Undergrad: 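Questions regarding the structure given below will be posed in turn.
Note that the coordinates shown come from a computational prediction; the quantities given were computed from them, not determined experimentally.
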Amino acid sequence: QVQLVESGGGLVQPGGSLRLSCAASGIIVRINGMGWYRQAPGKERELVASISSGSSTTYEDSVKGRFTISRDNAKNTVYLQMNSLKPDDTAVYYCYAEVVTYRSTEDYWGQGTQVTVSS
């Protein structure tokens, strides 16, 4: 059984920073792509950032230059450093990982962590 556990969300003032972490555990052969989605109230879930197994990255336009995604393959962990946060960044953030096990290759999701940007 593969699990993704997120941490690092919270309440921050506009202009502040947060760092999200997401660690995968279980019997894992390797992890392909990893990334972060977010969903704000009344809005669809959107891809915020992704990182390939070779560390190529993509970002949603509104977060370019403010957010940085990275990964530690030895720890099966993906990070999202969020700087210059804005109220529009308020959402539940979900990590995902395409995990290869001895049985299958599947996408797994974290439980979600709330990020609130407010003064």
Undergrad: Which pair of heavy atoms, one from Glu6 and one from Thr113, lies closest together, and at what distance?
TA: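 That closest heavy-atom pairing would be OE1-N, 3.1 Å.
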Undergrad: OG/Ser56 to CD1/Ile69 distance, rounded to the nearest 0.5 angstrom?
TA: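 Rounded to the nearest 0.5 Å, the OG-CD1 separation comes to 11.5 Å.
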Undergrad: Which heavy-atom pair separates Thr105 from Glu98 by the least distance, and what is that distance?
TA: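 Minimum heavy-atom contact is CG2-CG, 3.7 Å.
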Undergrad: In terms of ring plane angle, is the pair Tyr96 and Trp109 parallel, tilted or perpendicular, where the classes change at 30° and 60°?
TA: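 The rings of Tyr96 and Trp109 sit tilted, inter-plane angle from 30° to 60°.
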Undergrad: Which atom names give the shortest non-hydrogen contact between Pro14 and Ser119, and what distance separates them?
TA: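 Closest heavy-atom pair between Pro14 and Ser119: CD-N, 3.7 Å.
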Undergrad: For a quick test of your reading: what N or O donor-acceptor pairs under 3.5 Å do the side chains of residues 15-31 make, sequence neighbours left out?
TA:
unit_1	atom_1	unit_2	atom_2	d
Ser17	OG	Asn83	OD1	2.9
Arg30	NE	Asn32	OD1	3.2

Undergrad: Check the pair Leu80 / Arg38 against side chain to side chain contact (heavy atoms under 4.5 Å, CB included), numbers first and verdict last.
TA: CA-CA 12 Å; Leu80 187 67; Arg38 67 185 178 186; over 6 Å; no
Undergrad: What heavy-atom pair brings Leu85 and Val12 nearest, and what distance separates the two atoms?
TA: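 What the structure gives for the nearest pair is CD1-CG1, 3.6 Å.
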Undergrad: Of all the heavy-atom pairs spanning Val92 and Gly112, show the shortest one and how long it is.
TA: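 Nearest pair, atom of Val92 first, then Gly112: CG1-CA, 3.9 Å.
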Undergrad: Could you see if Tyr93 belongs to whatever hydrophobic cluster contains Ile51? Use Ile, Leu, Val, Met, Phe, Trp, Tyr and a side-chain cutoff under 4.5 Å.
TA: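 Linked, Tyr93 and Ile51 end up in one cluster.
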Undergrad: State yes or no: do Met82 and Val117 share one hydrophobic cluster built from I, L, V, M, F, W and Y residues joined by side-chain heavy-atom distances below 4.5 Å, directly or via other members?
TA: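 Yes, it is one cluster - the side chains of Met82 and Val117 are joined through contacts under 4.5 Å.
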Undergrad: Enter the distance from Tyr108:OH to Gln1:CD here, rounded to the nearest 0.5 Å.
TA: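 The OH atom of Tyr108 sits 7.0 Å away from the CD atom of Gln1.
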Undergrad: Less than 4.5 Å apart, side chain to side chain, heavy atoms only: is that true for Thr90 and Gln114?
TA: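 They are in contact (side-chain heavy atoms under 4.5 Å apart), so the answer is yes.
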Undergrad: Is there a path of hydrophobic side-chain contacts, each under 4.5 Å between heavy atoms of I, L, V, M, F, W or Y residues, that connects Val63 with Met34?
TA: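 Hydrophobic grouping puts Val63 with Met34.
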Undergrad: Under a 4.5 Å cut-off applied to non-hydrogen side-chain atoms, are Asp89 and Arg66 in contact?
TA: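 They are in contact (side-chain heavy atoms under 4.5 Å apart), so the answer is yes.
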Undergrad: For Gln3, look at atom CD and say whether over 12 heavy atoms of other residues, nucleotides or ligands are found less than 6.0 Å away.
TA: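 Atom CD in Gln3 is not crowded, with 12 or fewer foreign heavy atoms closer than 6.0 Å.
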Undergrad: Please list all pairs passing the ring pair (Phe, Tyr, Trp, His ring centres under 6.0 Å) test where one or both residues lie in residues 46-71, with sequence neighbours left out.
TA: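 Every pair satisfying ring pair (Phe, Tyr, Trp, His ring centres under 6.0 Å) with a residue in residues 46-71: there are none.
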Undergrad: Spell out, as yes or no, whether a donor-acceptor pair under 3.5 Å connects the side chain of Arg71 to the backbone of Ser52.
TA: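 Checking the backbone N and O of Ser52 against the side chain of Arg71, a donor-acceptor pair under 3.5 Å is found.
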Undergrad: If you measure from CH2 on Trp36 to CG on Leu47, what distance do you get to the nearest 0.5 Å?
TA: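 Output value for this atom pair is 12.5 Å.
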Undergrad: Assess whether a salt bridge exists between Lys64 and Asp61, defined as any Lys/Arg side-chain N lying under 4.0 Å from an Asp/Glu carboxylate O.
TA: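 The answer is yes: the pair qualifies as a salt bridge.
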Undergrad: From Cys95 SG over to Tyr79 OH, what is the distance, rounded to the nearest 0.5 angstrom?
TA: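 So the SG of Cys95 and the OH of Tyr79 are separated by 12.0 Å.
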